[in-house]
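Please read these numbers as outputs of a predicted model, since none were measured by experiment. So that the names make sense, note that chain A is the first sequence line, chain B the second, and so on, each numbered from 1.
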Amino acid sequence: MTRVLLTKQNGLSITVDASKILETAHLLKNLKFDHVISVTATDYPEENRIDVIYHVSSFEDLELAKTILEIRTTVSRQEPNIHTLVAVWPSIEFLERETTDLMGINFGGREAMARLLLPEDFEGEPPLRKSYTIRTEGIDA
Amino acid sequence: MSEEQTLELLIGPQHPGSGHMRLVAEMDGDVILNFEPNIGYVHRAVEKIAETKTYVQIIPLVERTSLPDTANHNLGYVLALERLLGIDAPLRAQYLRILLAEINRIHSHLYGMGIHGNMIGSTTMLMWAFGDREPFIELAQRLTGARLSYSYIIPGGVRRDLPQDFRNDALKALSYMERRLKDYDRIFVHNPVTLARLKGVGVINRIDAARIGVVGPNLRASGIAYDVRKIEPYCIYPDLDFEVVVRDEGDAHARLLVRIGEIEQSISMIRQILGKIPDGSILADRYLDLVPSRTRFEKRSSVKFPALFSGLKPSKGEAVSRVEASRGELFHYLVSDGSTHPYRFRIVTPSFKNLIAFKHALLGQKLADIPAVYGSLDYFPPEADR
Amino acid sequence: MKPKDRRAGKLLGLTGHMQAIRSGIEHIFKPRMTVLYPEVLQDLGPNYRGMLKLRIDICISCTLCARICPSNALKMVKVDVRKYPGITYQRCIFCGFCVDICPVDALEMSGSHDAACYTLGEQVLKPEDFSKDPVIEDKPRVKPLFDEKRGLRYESC
Amino acid sequence: MNVVEQLLQILLSPTIIIPLIFPGLLTTFLVIIFIAWFERKLTAKVQLRYGPLYVLKSLGGLPQLVADLLKFLFTEIIIPKGSDKKAFILSPIFLFTLSMLPVVAIPLSNSYAAFFSDLSLLLVLALLTITPIFMLLLGWSSNNKFSFIGSLRDGYLMMAYEIPMFVSILAMAVAYDTLDLVQVVGRQSSGLWGIALNPLAAITFFVAMLMTTARFPFDVAEAESELVIGPYTEYSGIIFVLCLGASYAKLSVLSLFFAEVFLGGWNPLIWPLTLNPILPGVAVFVKGLLVMGLCVFMRSIYPRFRIDQVLKLGWHTLFVLSVASVALSLGIVWVLGF
């Protein structure tokens, strides 16, 4: 399940299976995509999936830097497991930890890390999932 | 090494030199063996709040991630939103956007330099830099009506036109700043004590910089000429003549010098903008036409929002934008499901990307280098936590 | 581009010390850049986005201001038969969106931002109070003027 | 009446007046108030702002420190649970007292000193060397990592300044051929002051003095952005004031000392004027205040060094300079044949 799309504005988009993510990363790293700009997880509760989207680009090759390459992959909401890419791209470290905190995605294959953004004893629904509801104050003007 | 020989030092979150974060340093004598930043003390869940707000309401929200650098954050978000909406701003509005962005870059860099100076003990640099931000904040205030939280850039254009006398005032402020940069050189930048503190400290070499993905002036101080304004020019940057400031040393002092170089570049850019800003409308015609003719823009210096802005509905899709904010590359990713709220809003701020530099630049350095390197990274905790 | 090293070619240590000390001494005799704030207020100019005023006679109760308010500071409150906006300065962030979206210019901003009050209740304004002029402190004001040598120069006005 | 007279006689005797009133505690207190105000005001001026202003506006906020002191007097003194309580409370007191103590050995005229000694030159410095012990003690007793590192740094700092300081004074002792401060001042009556006689020693001593009193750029022990406020991190209330006052007291004592050794003491004044201690005392204090002003001016110019750089400066540069100043003194003695 690997598709390559040319989107209108932000260059390339690749869709891969979650199990192939490490391979893909190695491949791209060899193509000089040397850093990760962002890791985004988007929650789709109706379809019971979480999309994990990596945006990677290059610093070393300034021509390649003009492209932001998007790698899309999908994990299930119940078992949001995916292999870590920290060995391939060290720059992903805090992005992955943030995604673990806020979306509850488990990045396997790396040592367990303390919580980054949330309090260390935080429990319950990861805050960025759609099922987490924000309590709002009453508005009294 | 046995455990008794090392000392775990918890710097922050309540510490004059830590900012809104905790730095965990494992020390062997005066040498740092291990360094781990612990952030999240000012996490405000901007991404989650954005999912409950309409697209225009998010404009002030994204600014709150980084108050010293609001214009660039505002611009980055609006560029992504405009790509979703499929709309472009008129040329004059593009010029005004970059004008504000560069004014903001100057006072944001001054903020960083001031804090950096204070962190290694030069209170004079702190006071001077903060005092010299004032002319630029005043300029921005005359343009936008607010001192820091401008909310100036809106989808399809900007909110206000250049006030009268702005050009003269701005030129005066710019030549003042050039004069002041020489003062900074004497008392801080080339002060022998500063040189001793910053030269060769917290070095990130070229290869490491690319590998750990630092951004902005910190990346350029390591010899990589990566600047979004050149790589993927947005708005009117292709028309402006400027250079990417690069240094090879990769140390704390190089980062300071890159910032000063960028202030000089911004000064020259603002001069160019003021010189060739075209006349014309400042909001896209598509929105201008929606406003009642009584309150049309031609009759006043600021635009009226069309009623549509209270519930903008972009078509289903995704958009990314990257801009060069003062602290580095700022990345926005918007997912729309066709409703009035974004389905997912992702914002990766430059400070968050620079956080990793703490872990790498400080290993093997001395305890006293922590503030020296911290300041040189121009790291702004609320921007990283979002 | 490499920023030019201004120090290039000069004797490192001693010149640096002398320049720093000279610069320090020079600045003792330069005029200050600060204003004595609580005693003297800075004139914020005609375009400043400060506290709001509702012109209730013009308002057409279209609710656009309440709908665009990013921080939910404006809310429509019923007065007699129609609803008019009321505001709480506990939430207002002075973004001015409400002013800019009002189709009839019923909202205007003042050059004052001193929204501090003794009680939280004072910061919640019903439409009647909202249509009064915001309290502007009566203190001497200075106007910032741009200056090539001093950056900003303050002139009393 | 007799009792009162006797009491007055005791109270007005030089051994009481000197340590308590002039140039002792009271004068030092006034000098500290002035110099702390001056430091803040001068720094503010360089930084293009006002500085302390609101306490007695007509005097430019001069009594600001008195106001601060009153505030600190009424602040609760918090003693941390894990601290060594006796040492925690006593060490700042000793620190302050010992920082002030050398004042007894500094003569303010030919005949006005609490303690005459033909070794007073050494005595002043020797008394000052005791203070770092209490600095170490107060850092240790706080049981706080930052205090501990701070006081350790202060200890290291002592290594850097002590030897150059003593050697540069040795140079002056060689040049003047005496260890008595009264005679030192007397030797300068020719108009050739120490600073002109041996500028090398003066510079070395001045830099060492900055280190001793933790002025910028040698503020490493109290480095705010790293160590909160170094050894005093856990202190509050009036004992915190004592800690802070100690460094100013030291500064005041060393500045007077500098004025006597290098700036000719009460010197342009000649014999009949030096009989009353007030006039020569004022002359010394004016010179001392000038030196103090110069010391505090450094705050507005310099950032702070790193501790290893201070040590390097002490041993690589200052020590060499001080040895060179001894050589210079020997040369002077040989040429001029003092």
Side-chain angles (χ1 to χ4, degrees), chain C residues 3-45 48 112-114 116 118 137-157, chain D residues 35 37-61 64 199-200 202-204 206-208 210-211 215-219 290-306 309-310 312-314 316-318 320-321 324:
Chain C
K4 54 186 184 296
D5 216 336
R6 294 199 187 85
R7 195 173 35 84
K10 283 184 189 165
L11 184 66
L12 196 140
L14 212 54
T15 332
H17 286 290
M18 295 319 282
Q19 277 192 345
I21 292 171
R22 210 190 77 197
S23 180
I25 293 170
E26 273 171 15
H27 278 83
I28 297 176
F29 304 104
K30 288 200 176 168
R32 298 183 177 92
M33 49 161 93
T34 44
V35 179
L36 285 172
Y37 165 62
E39 292 168 17
V40 181
L41 301 184
Q42 183 178 333
D43 186 48
L44 294 162
Y48 190 74
S112 164
H113 57 192
D114 305 300
Y118 286 102
E137 278 186 274
D138 185 29
K139 278 188 179 158
R141 280 174 189 266
V142 287
K143 190 177 167 57
L145 296 172
F146 284 87
D147 188 293
E148 270 185 40
K149 286 213 175 86
R150 295 179 51 186
L152 282 182
R153 181 158 56 81
Y154 295 93
E155 224 164 60
S156 52
C157 59
Chain D
I35 207 68
W37 169 81
F38 182 73
E39 173 172 23
R40 292 166 71 174
K41 213 67 183 170
L42 186 71
T43 313
K45 202 72 196 59
V46 175
Q47 296 169 356
L48 310 177
R49 56 192 175 88
Y50 281 91
L53 182 64
Y54 284 99
V55 184
L56 261 187
K57 216 167 175 180
S58 50
L59 281 178
Q64 177 68 47
L200 223 49
I203 292 170
T204 317
F206 183 73
V207 177
L210 288 177
M211 287 188 187
R215 300 287 106 202
F216 276 80
F218 307 109
D219 187 28
L290 280 176
V291 178
M292 276 183 245
L294 198 58
C295 287
V296 296
F297 179 52
M298 297 296 147
R299 171 182 290 272
S300 47
I301 292 174
Y302 288 117
R304 72 173 72 80
F305 272 121
R306 210 164 56 202
Q309 290 165 341
V310 180
K312 204 174 154 191
L313 184 84
H316 277 215
T317 315
L318 280 190
V320 175
L321 271 180

Which atoms form the tightest heavy-atom contact between His27(C) and Val46(D), and what is the distance?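 Heavy-atom minimum between the residues: CB-O, 3.6 Å.
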For the residue pair Gly24(C) and Ile301(D), what are the closest heavy atoms and their distance?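 Looking at all heavy atoms of both residues, the closest pair is CA-CG1, 4.5 Å.
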Would one find more than 12 heavy atoms of other residues, nucleotides or ligands at under 6.0 Å from atom NZ of Lys149(C)?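 Result for NZ/Lys149(C): open.
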Would one find more than 12 heavy atoms of other residues, nucleotides or ligands at under 6.0 Å from atom NZ of Lys41(D)?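 Count over threshold, so yes.
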Do Lys45(D) and Arg32(C) touch side chain to side chain, with heavy atoms closer than 4.5 Å?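 In contact.
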Quick check on the interface: out of Val35(C), Ile21(C), Ile25(C), who has the most heavy-atom pairs with chain D under 4.5 Å?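 Option with the greatest count: Ile21(C).
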Measure the spacing between OH of Tyr50(D) and OG1 of Thr34(C) and express it to the nearest 0.5 Å.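 Tyr50(D) atom OH to Thr34(C) atom OG1 measures 5.5 Å (nearest 0.5 Å).
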